[in-house]
Amino acid sequence: MMDFYEEELFFDGDIAKEKGIFDPDKTTAEEEPELLGLKTRIGNRPIVYNLQQLFDLAKKKLPPELEVQFQTHNIYLITHAVGIMRTKGSAKVVELQYNAEITSSMEAQTIDLFPKTKFIDRFKIETGLSGTIMAAGNFSAEVPDELKNSLSGTSLTLGGELNLELSTNTKFVGKINYSIKLPVVQSSGIASNKCSWVLKPDENPLLGDQLLIQTIAVPKEVKTLSYSVKGLVKISKGWLRKVEEKETTTQIINIKLT
């Protein structure tokens, strides 16, 4: 079960002025800005799956090209979570960022990220999506027929509404199903010890929790990872839609790789 670091962020809104009927220059309401409040949520117990264990659950062997890599490294799927809730006022969230950096093992390397930037056009108007995890931990937006015909019937939760249907096909780990609507997405961090997502709303408000998956390769002797994580929120306010941003407190998250 995933828990959250929760933090309130407050922004000053516009000064609300109510003009007098007979004197347009007279302000009858106090010139105090509306207080805008948002609660940020960052998952502090990311869900972890070992790729080898997923193959075992699907009762299949690792492909030969992966066996070489697994002699020195393990590959993990790490589910991160970031969210935001409006608590006071009517702030419009125009961007939510999530940034995580592995600080305990510089040899840990990001292989792939989900959702990927290319989901922007394809999925932003969908009510859900299906994707594919390839055998090496890479993500794909396409679900080929050979995967559809080889699903094992075993399903695992990756957190919230994010589920993984395991496959018996050696090319695939399985099929991802995500019924929560995704915002517009940009992701980065592949081939580094970091992962970052920039989330923007489409026609729906950017509120609620978002689940984000990082595939990483870690040396076998590493049993725990420490992440430095933080979020950033941008809101627009007033008639001119002025954009203001604030960062969350940086948090340290420790993960057991079991």
Side-chain angles (χ1 to χ4, degrees), residues 1-11 37-51 53-54 74-88 91 93 95-115 133 137 139 156-164 176 178-180 182-183 185-190 192-199 206-219 222-235 245-258:
M1 181 178 178
M2 189 174 288
D3 293 329
F4 292 86
Y5 291 112
E6 296 187 337
E7 181 178 357
E8 291 271 5
L9 298 179
F10 293 102
F11 301 80
L38 297 169
K39 179 183 288 185
T40 59
R41 291 161 53 86
I42 292 179
N44 65 7
R45 288 202 297 176
I47 296 172
V48 180
Y49 279 107
N50 184 309
L51 192 63
Q53 294 175 343
L54 296 180
N74 286 325
I75 299 177
Y76 296 93
L77 304 180
I78 312 288
T79 302
H80 301 265
V82 63
I84 195 161
M85 300 171 63
R86 187 185 294 137
T87 58
K88 189 174 181 64
V93 180
E95 185 171 299
L96 175 61
Q97 296 183 18
Y98 176 81
N99 301 282
E101 179 178 359
I102 298 170
T103 57
S104 59
S105 175
M106 302 305 351
E107 294 185 53
Q109 186 178 59
T110 301
I111 295 175
D112 209 355
L113 300 169
F114 174 91
I133 303 181
F139 298 102
L156 300 173
T157 179
L158 299 177
E161 300 294 325
L162 192 60
N163 295 298
L164 172 65
I176 293 177
Y178 195 10
S179 62
I180 297 177
L182 282 172
V185 178
Q186 299 176 61
S187 62
S188 65
I190 295 173
S192 75
N193 64 329
K194 302 177 182 180
C195 58
S196 298
W197 284 269
V198 178
L199 311 175
L206 183 56
L207 298 172
D209 293 332
Q210 302 291 338
L211 300 178
L212 313 163
I213 305 178
Q214 176 192 27
T215 305
I216 58 171
V218 181
V222 176
K223 302 302 180 184
T224 61
L225 285 179
S226 292
Y227 277 88
S228 172
V229 301
K230 65 180 179 180
L232 182 145
V233 180
K234 293 184 180 181
I235 70 164
E245 67 180 52
K246 287 191 177 183
E247 284 189 349
T248 68
T249 302
T250 299
Q251 304 287 353
I252 302 299
I253 298 174
N254 297 309
I255 302 175
K256 291 184 179 180
L257 299 177
T258 56

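Worth knowing before you read on, the calculation uses all heavy atoms, side chains too, and leaves out hydrogens, waters and symmetry mates. Values in this document were obtained by computation on a predicted structure and should not be read as measured data. Along the sequence shown, residues carry numbers from 1.
To the nearest 0.5 Å, atom OG1 of residue T79 and atom CZ of residue R45 are 14.0 Å apart. Atom CG in L51 sits 11.5 Å away from atom CD1 in I216 (nearest 0.5 Å). Interatomic distance, NZ of K39 versus CG of L9, reported as 11.5 Å (0.5 Å rounding). The CG atom of N193 lies 5.0 Å from the CD atom of E101; values are rounded to the nearest 0.5 Å. The line from OG of S187 to CZ of F114 is 10.5 Å long, rounded to the nearest 0.5 Å. Residue R86 holds its CZ atom at 10.5 Å from CG of L206, rounded to the nearest 0.5 Å.
There is no side-chain donor-acceptor pair under 3.5 Å between E7 and T248.
Looking at heavy atoms from C-beta onward, L77 lies in side-chain contact with I133 at the 4.5 angstrom threshold. A 4.5 Å side-chain heavy-atom check between N74 and L257 finds every atom pair outside the cut-off. Taking the side chain as every heavy atom from C-beta outward, V48 and N50 never approach each other to under 4.5 Å. Contact annotation: the side chain of E247 never approaches that of Q97 to less than 4.5 Å [non-hydrogen atoms, C-beta and beyond]. Side chains of F4 and D209 form a contact here, defined as non-hydrogen atoms less than 4.5 Å apart. For the pair E95/V198, a side-chain contact is recorded, criterion being any heavy-atom separation below 4.5 Å from C-beta on. Contact of the Q251 side chain with the N44 side chain is not registered, since no non-hydrogen atoms from C-beta on lie closer than 4.5 Å. For the pair F139/T215, a side-chain contact is recorded, criterion being any heavy-atom separation below 4.5 Å from C-beta on.
Taking all atoms of both residues into account, the shortest heavy-atom contact from P115 to L211 is CD-O, 4.2 Å. Between K246 and F11, the closest heavy-atom pair is CG-CE2, 3.6 Å. In this structure, I253 and P46 approach most closely via the heavy-atom pair CG2-CD, 3.7 Å. The shortest heavy-atom contact between T224 and S104 is O-OG, 4.0 Å. Nearest approach of G159 to I47, heavy atoms of both residues: CA-CD1, 3.5 Å. L225 approaches I102 most closely through the heavy-atom pair CD2-CG2, 3.9 Å.
The side chain to side chain contact (heavy atoms under 4.5 Å, CB included) with Y178 is formed by just one residue from the set I213, L162, N163; it is L162. Checking Y76, Y227, W197 one by one against Q214, the side chain to side chain donor-acceptor pair (under 3.5 Å) holds for a single residue, Y227.
The 12-atom threshold is exceeded at CD of E6, counting heavy atoms of other residues, nucleotides or ligands nearer than 6.0 Å. With a 6.0 Å radius and a threshold of 12 heavy atoms from other residues, nucleotides or ligands, K88 has its NZ atom at or below the threshold.
In this structure a side-chain-to-backbone donor-acceptor pair under 3.5 Å is missing from S226 to T103. Using modelled atom types, no side-chain atom of S196 and backbone atom of N99 make a donor-acceptor pair closer than 3.5 Å.
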